[in-house]
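Data block below; observations after.
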Amino acid sequence: MKEIRVLSPVGMLGYGFPAESFQKGLEKKPHVIAADAGSTDAGPHKLGAGVGIVSKEATKKDLTLMLTAGYEHKIPVIIGSAGGSGAEVHLNWTLKIVKEIAKEKNLHFKMALIHAEVEKAYLKKKLAQGKIKPLGPVPELTAKDIEEATRIVAVMGVHSHIKALEMGAEVIIAGRSNDPAMFAALPIKEGYDPGLALHLGKILECGAMASTPGTTSDCMMGYLREDYFIVEPTNPLRKCIPSTVAAHTLYEKSSPLHIIGPEGVVDVTGCKFEQYSERAVKVSGSKLKKSKTINIKLEGASKVAYRTICIAGVRDPIMIKQIDECERHVRKTVLAYFNDISPEDYRLIFHIYGKNGVMGELEPQKEITSHELCLILEVVAKDQELANTICAFARSTLMHYSYQGRIATAGNLAFPYAPSDIPTGAVYKFNIHHLVEVDDPDELFSIEMVEV
Amino acid sequence: MTKEVSIVDLVKVIRSKNAGPFELTFDIIFKDKLTYEKVKKSKVITKELIAKLYHIPIEKVLYFVEFDPANAIKATIVRPVDSGSIGETDVYGAQQHAPLLGIKIPYEE
């Protein structure tokens, strides 16, 4: 029977996984070990500021186990969306860690670095050619957006990973990658069904999340055969059942029926999820519909402001009843006091926990029933100094506002911290979330071979 | 006999999460096939209901899909602000599901 085995040790490189689970996975003789190291989930800051989501030490710990195993068993190790966002700075950060590990453990291998950061001049040309369109509910792209982005990455599919494997890479450290790509690349290269391979990749990219009890911090094994695949967690304390695997198929996606990527659309409408053995689930019926043109997703982030926050509690019931009036008063007073500053240059935001702090305008419950509130006064402004200044003024105004019926005249706010005001630095926004049509993915992704 | 049953008693999972930085998606996964089919037949959970529960115009409900293989109903809406932008309250979108917990289903015993 034809079969290829893919080991996913962890749902996010640096989240950590049990060494015993990993060992159990290795005993199944995987043909490749792969992991996802990135996501847009934590917001635009990582891409914008060029930082990661996990610590260097945690990444090193996970990578040490993976690289050592790959070296001993002579199987490729593939990391996608390196460093969190997969731009150059993230790739270099990961490369440094890989080199440290190789030196300490005396490992030697052929490594492919796949670059995913996009040059602005290239994108402007594509824009002028009408080859860029919005992805989801976002506006049309402008040259100004491209100019303002601090970093832009393109999201690669299996194409570049396969190419790196064909060039003899034993380790692949790839920039921004479509989540299933690292897991599906070797199977597709070996001639397995791409629809099934990509669907398997979608399940494996979160580690053992599609099992019960689910977690991203444990290992999952994928077995791809001719017309179905099987997934099974390697930790005997977990198991896959059809509902956990089916549920994961729709996780974090707009529509459950289609898994969309650079290769086209995987249609899972006619999928079957069946119990295969006690802890394993069999999936069949996923079909790839190749797209006529090659459309690659672009992600860009731009710096839009600087932020200062102040956290404070309110316990006085007379004030809680008038919290909206207190907010109005602070807004009015800030506007009047800073009449020499354009209101365009800053924004004052009240997060009122106990009222609608979590859901904001989506909150259906209008009445406050809590005996205490947590306020976060947030000021975003064109520079840090202005954010600090306005936050301090808003805080002192609210602290001493004499609202209707006030009998607690010492102060209105309980600060858990001194200093009460916390500058948090630059604020970013995803200003590019578009598709670019290319003739060849190689236009965007270059492969650099390195001997380690 | 028909009675009203809280959706919380009929599901395994109700959750919200980002689907990319610009969309928020809700998954309602029922306990079993029978329950799922009954809820589907009741036609209580619709695109219109999602719009009503979140006080948004129906055009902002981008997808509404019944997914039989998972015994699940899924809806995706436009995020109030894009993830992590100014005005954000929930970067991962993981705590926006509460209004769904109040859904009641007329249920035949």
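Order of the sequence lines fixes the chain letters, A, B, ..., with proteins taken first and strands second; residue numbering starts at 1 for each chain.
In terms of heavy-atom pairs under 4.5 angstrom with chain A, the leader among D90(B), I77(B), V91(B), D32(B) is V91(B). The residue among V78(B), V81(B), D82(B) with the most heavy atom pairs within less than 4.5 Å of chain A is D82(B). The greatest number of non-hydrogen atom pairs below 4.5 Å with chain A, out of Q95(B), K74(B), H55(B), is found for K74(B). Contacts with chain B were tallied for H248(A), H45(A), R347(A); R347(A) has the most, counting heavy-atom pairs under 4.5 Å. Here V358(A) is the residue among V358(A), I376(A), V245(A) with the most heavy-atom pairs under 4.5 Å with chain B.
With hydrogens and angles disregarded, no donor-acceptor distance shorter than 3.5 Å links the side chain of K17(B) to the backbone of Y251(A).
Interface remark: Q96(B) contributes backbone and side-chain atoms alike to the contact with chain A (heavy atom separation under 4.5 Å). For chain A, no part of K60(B) is nearby; none of its heavy atoms comes within less than 4.5 Å. At a 4.5 Å heavy-atom cutoff, R79(B) makes no contact with chain A through either its backbone or its side chain. Contacts of I86(B) with chain A are made by both backbone and side-chain atoms, with heavy-atom separations under 4.5 Å. F273(A) touches chain B through its side chain: at least one heavy atom from C-beta onward sits under 4.5 Å away, while N, CA, C and O do not. Neither the backbone nor the side chain of V13(B) comes within contact range of chain A; no heavy atoms are under 4.5 Å apart. In this structure, chain A has a heavy atom under 4.5 Å from the backbone of L53(B), while its side chain stays farther away.
Counted by atom type alone, T25(B) and K253(A) present zero donor-acceptor pairs between their side chains at under 3.5 Å.
Between R15(B) and A247(A), the closest heavy-atom pair is NH2-O, 3.1 Å. Between E88(B) and H351(A), the shortest heavy-atom distance links the atoms O-CE1, 3.3 Å. The two residues P44(A) and G84(B) have their closest heavy-atom pair at CD-CA, 3.7 Å.
Annotation: side chain of P80(B) is in contact with side chain of L362(A) (closest heavy-atom distance under 4.5 Å). No side-chain heavy atom of N356(A) sits under 4.5 Å from any side-chain heavy atom of T89(B). For the pair N71(B)/S243(A), no side-chain contact is recorded, criterion being any heavy-atom separation below 4.5 Å from C-beta on. Contact of the L250(A) side chain with the V65(B) side chain is not registered, since no non-hydrogen atoms from C-beta on lie closer than 4.5 Å. Residues Q365(A) and P99(B) have side chains not in contact (no heavy-atom distance under 4.5 Å, counting atoms from C-beta outward). With a 4.5 Å cut-off on side-chain heavy atoms, K272(A) and P69(B) do not count as touching.
In this structure, F67(B) CZ and T249(A) OG1 are separated by 6.0 Å, a value rounded to the nearest 0.5 Å. How far OG of S254(A) is from CZ of F22(B): 12.0 Å, rounded to the nearest 0.5 Å.
Under a cut-off of 6.0 angstrom, the local environment of NZ in K382(A) is sparse, with at most 12 non-hydrogen atoms contributed by other residues, nucleotides or ligands.
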